[in-house]
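Inspection log for the structure reproduced underneath, given as structure tokens.
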Amino acid sequence: NAGVTQTPKFQVLKTGQSMTLQCAQDMNHNSMYWYRQDPGMGLRLIYYSASEGTTDKGEVPNGYNVSRLNKREFSLRLESAAPSQTSVYFCASSGAGPTLAKNIQYFGAGTRLSVL
Amino acid sequence: AQKITQTQPGMFVQEKEAVTLDCTYDTSDPSYGLFWYKQPSSGEMIFLIYQGSYDQQNATEGRYSLNFQKARKSANLVISASQLGDSAMYFCAMRRANAGGTSYGKLTFGQGTILTVHP
């Protein structure tokens with residue numbers, strides 16, 4: 001029962017390098033999300049995908065791109081990494097039931113990214 | 001805009017005692033949901049409990065209960081009979097909903113409270 005799987009778990013980049021964070025869910029959820037967690041600031045939404053084929057910006061989208069590859073997979077790309085993107089990144093997914101109680105977000109284990 | 005405020009950066013509790021973690025929120029939406037997540041030192045985010053804005057009763061899930069006071073815009077988490085494994089960071093979060101009660105999906109998080117349970 002994997003739930004939400006993120007890869008890699010850890011990554012170190014040099015300024016200007018690019019990378020893609022992968023996320024896959026096996027719960028048949030429609031919606032997927034990318035958050036970043038910085039010390040003292042809680043989690044902030046980067047991008048989300050309400051359903052397959054759609055993506056929208058969240059609170060802090062600058063410097064990131066996303067791809068909803070299919071219903072299961074939602075990737076986050078850093079085209080030119082900057083030290084300010086050093087953070088822990090979380091992917092989450094949720095269903096799309098008629099009530100909020102059906103739409104609990106379930107999180108992956110996170111990716112710890114350092115940009116030097 | 002929505003905002004979640006957790007005013008307690010850290011809390012300490014003795015094992016087997018109850019503890020309340022504070023959460024206040026600000027929204028102009030008539031319909032919304034409130035969530036609590038636990039983040040242990042291993043880093044994963046674990047869903048604990050949910051409260052809908054129109055729910056008549058406070059939510060409970062095992063040792064977790066949510067003290068929901070709508071007029072005061074507060075949604076405090078109460079953990080009864082604390083255990084050493086409860087030591088973690090706890091986040092309060094909010095999600096807006098449209099008039100039909102379905103969710104736009106995006107969670108707004110507070111800054112978190114670190115709970116330490118002493119033996």
Side-chain angles (χ1 to χ4, degrees), chain A residues 2-6 8-10 23 27 29-51 54-61 68 74 87-113, chain B residues 1-7 9-10 23 25 27 29-55 57 59 61 66 75 89-114:
Chain A
V4 180
T5 303
Q6 288 182 236
K9 287 186 166 45
F10 302 94
C23 176
M27 295 176 282
H29 284 166
N30 288 327
S31 301
M32 298 184 74
Y33 315 84
W34 277 104
Y35 294 89
R36 61 177 287 173
Q37 183 180 22
D38 301 302
M41 300 191 72
L43 278 76
R44 293 181 293 169
L45 184 67
I46 305 171
Y47 269 93
Y48 70 102
S49 171
S51 61
T54 68
T55 61
D56 285 287
K57 294 179 180 179
E59 184 182 355
V60 288
R68 184 73 183 268
F74 188 40
S87 189
V88 181
Y89 291 85
F90 286 96
C91 178
S93 71
S94 68
T99 64
L100 283 175
K102 303 289 187 184
N103 295 333
I104 294 164
Q105 286 188 22
Y106 295 94
F107 286 78
T111 296
R112 197 171 293 272
L113 175 66
Chain B
Q2 298 179 313
K3 186 177 181 180
I4 295 284
T5 301
Q6 294 180 253
T7 57
C23 173
Y25 60 91
T27 183
D29 294 319
S31 181
Y32 49 88
L34 294 155
F35 303 76
W36 278 91
Y37 285 85
K38 172 184 179 182
Q39 186 178 42
S41 58
S42 53
E44 71 267 34
M45 295 286 289
I46 302 168
F47 166 73
L48 294 178
I49 195 167
Y50 155 82
Q51 177 84 44
S53 58
Y54 287 116
D55 291 344
Q57 293 186 327
E61 289 286 349
L66 204 153
M89 175 80 88
Y90 289 81
F91 289 98
C92 180
M94 165 187 281
R95 165 188 282 168
R96 61 186 298 206
N98 63 16
T102 57
S103 170
Y104 289 139
K106 296 177 284 185
L107 282 172
T108 299
F109 283 84
Q111 294 181 326
T113 296
I114 299 175

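Here is the naming used below: chain letters follow the sequence lines, and residue numbers restart at 1 for every chain.
- Side-chain contact between A:Leu43 and B:Met45 is present, with heavy atoms from C-beta onward closer than 4.5 Å.
- Here A:Arg112 pairs with nothing under the salt bridge (charged side-chain N to carboxylate O under 4.0 Å, His left out) rule; sequence neighbours left out.
- The shortest side-chain heavy-atom distance between B:Leu107 and A:Tyr33 does not fall under the 4.5 Å cut-off.
- Interface residue A:Gln37: only side-chain heavy atoms are found under 4.5 Å from chain B.
- There is no contact between B:Gln6 and chain A, counting heavy-atom distances below 4.5 Å.
- Side-chain contact between B:Gln39 and A:Phe107: absent, with no pair of heavy atoms (C-beta onward) separated by less than 4.5 Å.
- A:Tyr35 contributes atom OH, which lies 9.5 Å from atom NZ of B:Lys106 (distance to the nearest 0.5 angstrom).
- Residues A:Ser94 and B:Arg95 come closest through the heavy atom pair OG-NH2, 3.9 Å.
- Every salt bridge (charged side-chain N to carboxylate O under 4.0 Å, His left out) that B:Asp29 has, sequence neighbours left out, goes to B:Arg96.
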